[in-house]
Amino acid sequence: MGKFIKTTFLLFFFGLVIFGIIVSLVSSFTSSIFELPERTYSIMVLQNGSANVTETVTYRLKKPFRYVSWAIDFDRPTKISNFTFQILEGPSLLGGPFYDTKNDVSISLRLLFSKSMNEYIQVPKDGLTVKVAFSYTLENLLIEGRDFTQLFVKYIGTGTSVPTKSLKVLVSLPDKFPKPIVYHHPWGLQTKSKAIIGNNYEFEFRNIPANCFVEGRFVFPNLLGTGTQNMMKSMDLSQIRDIERSYSIKILLIVIGSISYLIFVVAIPILLYRKFGREQSIQYNSLYEREIPYNDPPEIVNAIVKKICSHPDDDAIAAAILNFVKKGDIELLENEKRDITGLRIIRLTQENQDLLEAFKIFEKDGVIDFKELKKSLRNQSNAQKFLKMMNGWRDKVYHQLSSRNYLITTGNTLAKFFGIIFGILVPVFVILGLSKASGLGYEVVSRYSMMLMGASIIIGIIVLLMKKTVFSRWTSDGLLYYLKWKNFEKFITDFSALSTYPPQSVILWDDYIVYATALGVAKEVIDNLKKLYPEPPSTPVASKVYYSPTLMAELSSFRSIATSTISSSSSGGSHSGGRVGGGSGGSRVGAG
């Protein structure tokens with residue numbers, strides 16, 4: 001299980017780093033000009049169903065500003081009267097108060113500290129505190145049902161763009177009122193509460209997210225005749241209990257469901273690995289392979305070993321060309337500095353025709369010049385022709401290796417399908433659904449759930465990025481083939497092993513370089529060649545790459561140049577007194 005754990009850990013760590021960078025960038029772009037270190041809400045309920053409220057808002061300005069704002073709305077028959085404000089801390093109010101709305105159910109106020117909207121108040125580096133108290137009277141705030149009365153009020157409402165670090169609430173009820181049944185929404189806020197003298201209650205809520213309301217429901221069973229005109233005679237106490245019970249159950253289901261889903265997303269790939277990805281044991285204990293393990297063309301080795309039974313990559317193209325150089329089908333051309341400038345096709349055979357025909361269309365006077373070839377591949381039509389022929393060759397190689405049935409990929413197919421559907425798509429739809437739950441009392445639990453869904457998405461992406469071998473299993477023949485070639489790779493890249501067991505014939509270096517290119521380790525092998533031979537061997541391949549070690553990279557670049565040409569050319573534009581969240585009022589604040 002080592003390969004699964006190691007791959008998962010590395011990819012998960014990489015995912016967390018990327019996620020942290022994204023969060024940091026987003027937060028830096030969306031930083032507000034103010035913070036809310038503290039808000040207080042004090043309500044004194046009167047016997048006749050009215051209430052006196054005082055809210056204190058502490059704004060911490062971080063950037064130059066002109067005004068702070070405060071707004072609140074109520075549904076009739078609740079009415080606002082006797083509204084006042086007092087600046088407890090901050091600069092002078094040079095521009096005066098501006099009411100965007102002021103009536104008996106709605107107030108929207110801006111306190112302009114600058115002389116005009118075209119001027120700004122400068123803020124010290126450590127910030128500027130503005131503290132304002134807002135006081136008002138509410139008529140008909142209490143709600144009477146068939147067999148109960150309730151105080152259902154928002155201490156703060158939605159619409160505030162920054163978090164509130166601390167909200168302190170004091171609720172004073174008439175002494176003649178019975179002890180209430182108290183509910184608070186939304187679930188998940190950090191809360192402290194204590195009862196003080198008489199029928200008074202104190203609460204503190206901490207770290208309230210942006211755009212999140214906080215409301216309290218105080219239910220008084222069998223209390224009627226308070227004098228309020230806010231009636232809800234269609235609802236009784238049992239319905240209130242049912243609403244709160246249903247809310248608690250839904251919260252519990254969201255929490256349990258989100259945690260269970262994350263466990264599910266983690267567990268299924270592990271089970272798929274255990275069933276389909278664990279390799280069988282075979283009788284093979286060799287440390288190195290000092291000779292070419294199998295007499296296969298280098299492109300087949302590349303597709304099976306380096307690409308894990310997939311289409312051959314660009315290294316396979318370079319390896320195949322070098323193999324044809326070794327066989328005498330191609331001649332590499334040099335300049336006076338011994339740099340490789342192009343190639344000449346000596347003969348076409350059944351073995352090399354599919355690949356070399358892609359290059360032959362750029363032949364001029366019997367020579368394929370690499371600089372001219374690269375220029376030609378910048379042309380859309382030429383790039384399409386080249387890629388069509390090259391992809392035909394790659395398809396043919398893949399078809400040849402597929403018939404060997406070296407790799408059982410059932411687990412990989414299932415894992416990738418699971419990663420896309422359950423690791424990514426389902427969590428994305430859940431996040432989109434939860435994001436629309438504003439005002440329903442699920443704001444905090446939704447954030448927790450979205451974090452877990454985000455973790456599920458990371459797991460899904462990790463599953464998609466995992467190598468095919470993690471959830472696939474080699475057949476016994478395939479595993480032997482793979483291990484022998486990997487041990488050969490280990491031998492030709494280990495200088496101490498090469499110097500201890502040098503090839504019996506210098507011409508074997510051509511084979512080493514061809515298959516090293518196919519395996520993606522040509523640079524290390526050429527470095528070892530130069531250490532062992534002060535002068536280049538007089539062989540078709542080794543003698544060329546000795547002075548042009550970047551030749552393999554150049555031979556590997558042609559398909560990517562054509563792909564880039566096609567990609568660049570194709571890019572372009574294209575009032576409820578019952579339900580949770582139904583509490584009265586709830587102020588929203590801002591600054592600008």
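Here the structure is a predicted model, which means the values were calculated and not measured. Sequential numbering from 1 along the given sequence is applied to the chain's residues.
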side-chain hydrogen bond (donor to acceptor under 3.5 Å, both in side chains), that's the test. Do Ser135 and Thr54 meet it? Break it down for me.
CA-CA 4 Å; Ser135 299; Thr54 299; 3.3 Å; yes

Quick one: sort the Phe422 and Phe264 rings into parallel, tilted or perpendicular, breaks at 30° and 60°. perpendicular

| query | Charged N to carboxylate O below 4.0 Å: is that the case for Arg206 and Glu204? | reply | yes

Smallest heavy-atom separation, Phe220 atom then Pro180 atom, equals CE2-CB, 3.4 Å

Rounding to 0.5 Å, atoms CG (Leu151) and CG (Leu141) come to a distance of 5.5 Å

- If you draw a 6.0 Å radius around CE in Met117, do more than 12 non-hydrogen atoms from other residues or ligands fall strictly inside? yes

key: side-chain contact (heavy atoms from CB on, under 4.5 Å) evaluation trace for Glu35 with Val162   = CA-CA 6 Å; Glu35 297 174 344; Val162 300; 5.8 Å; no

Item checked: Exceeds 12 heavy-atom contacts within 6.0 angstrom, atom CD of Gln229 -> no

If we ignore hydrogens and angles and just use 3.5 Å, is the side chain of Asn52 paired with the main-chain N or O of Thr137 as donor and acceptor? no

Is the backbone of Val463 close enough, under 3.5 Å, to the side chain of Lys416 for a donor and an acceptor to pair up by distance?
yes

Q: Report the C-alpha distance between Ile308 and Tyr482 in whole Å, list the side-chain angles of each, state the deciding distance to 0.1 Å, and finish with yes or no for side-chain contact (heavy atoms from CB on, under 4.5 Å).
A: CA-CA 9 Å; Ile308 314 299; Tyr482 178 81; 3.9 Å; yes

Test side-chain hydrogen bond (donor to acceptor under 3.5 Å, both in side chains) on Asn211 and Thr158; report intermediate values, then the result. CA-CA 5 Å; Asn211 201 38; Thr158 57; 4.6 Å; no

Worksheet item: If only atom types and distance count, is the side chain of Ser114 paired as donor or acceptor with the main-chain N or O of Glu119 below 3.5 Å?
Response: yes

request  = Kindly indicate, with the supporting measurements, whether the criterion side-chain contact (heavy atoms from CB on, under 4.5 Å) is fulfilled by Val169 and Thr40.
outcome  = CA-CA 6 Å; Val169 176; Thr40 68; over 6 Å; no

Rounding to 0.5 Å, atoms CD1 (Ile156) and CD1 (Ile72) come to a distance of 11.0 Å

Open item on the list: A quick test of your reading: do over 12 heavy atoms of other residues, nucleotides or ligands sit less than 6.0 Å from CZ of Phe417?
Closed with: no

Distance-only side-chain donor-acceptor flag, Ser238 / Asp236, under 3.5 Å: yes

query: Quick check: are there more than 12 heavy atoms from other residues, nucleotides or ligands sitting under 6.0 Å from NZ of Lys179?
result: yes

When every non-hydrogen atom of Tyr136 is compared with those of Tyr41, the smallest separation belongs to OH-CE1, 4.1 Å

Between the CE atom in Met232 and the CD atom in Glu144, the distance rounded to the nearest 0.5 Å is 10.5 Å

Crowding at CE, Met450 (>12 non-hydrogen neighbours, <6.0 Å):
yes

Paired with Leu173, the side-chain contact (heavy atoms from CB on, under 4.5 Å) test is passed by just one of Ile43, Asn199, Asn200, namely Asn199

Interatomic distance, CE@Met44 vs CG@Leu46, rounded to 0.5 Å, equals 7.5 Å

Notebook entry, point to check: Are the aromatic rings of Trp70 and Tyr59 close, with centres under 6.0 Å apart?
Noted result: no

Output for pair (Thr475 OG1, Asn405 CG), nearest 0.5 Å, gives 7.5 Å

All heavy atoms of Leu224 vs all of Gly145, minimum pair found to be CD2-O, 3.5 Å

Tested for ring-ring contact (aromatic ring centres under 6.0 Å, His included) against His184, the lone hit among Tyr201, Phe203, Phe152 is Phe203

ask   = Honestly, is Arg110 close enough over Tyr67, meaning NZ or CZ under 6.0 Å from the six-membered ring centre and within 45° of the axis?
value = yes

For Lys233, does the NZ atom sit with more than 12 other heavy atoms under 6.0 Å from it, leaving out its own atoms? yes

What one should report as the nearest heavy-atom pair of Val130 and Pro91 is CG2-CD, 4.0 Å

Rounding to 0.5 Å, atoms CD1 (Ile457) and CD1 (Ile431) come to a distance of 4.0 Å

On a heavy-atom basis, the closest approach of Asn140 and Gly227 is OD1-O, 4.5 Å

Scanning both residues in full, the closest heavy-atom pair of Pro209 with Leu189 reads CD-CD2, 4.0 Å

Note to self: Tell me if the aromatic rings of Phe213 and His185 count as close, with their centers under 6.0 Å from one another.
What the structure shows: no

Lys468 atom NZ, over 12 foreign heavy atoms within 6.0 Å: yes

Is there a side-chain contact (heavy atoms from CB on, under 4.5 Å) between Trp474 and Glu279? Walk through the geometry before answering. CA-CA 7 Å; Trp474 294 98; Glu279 299 292 352; 3.1 Å; yes

Check: Is NZ or CZ of Lys250 both nearer than 6.0 Å to the six-membered ring centre of Tyr247 and within 45° of the ring axis?
Finding: no

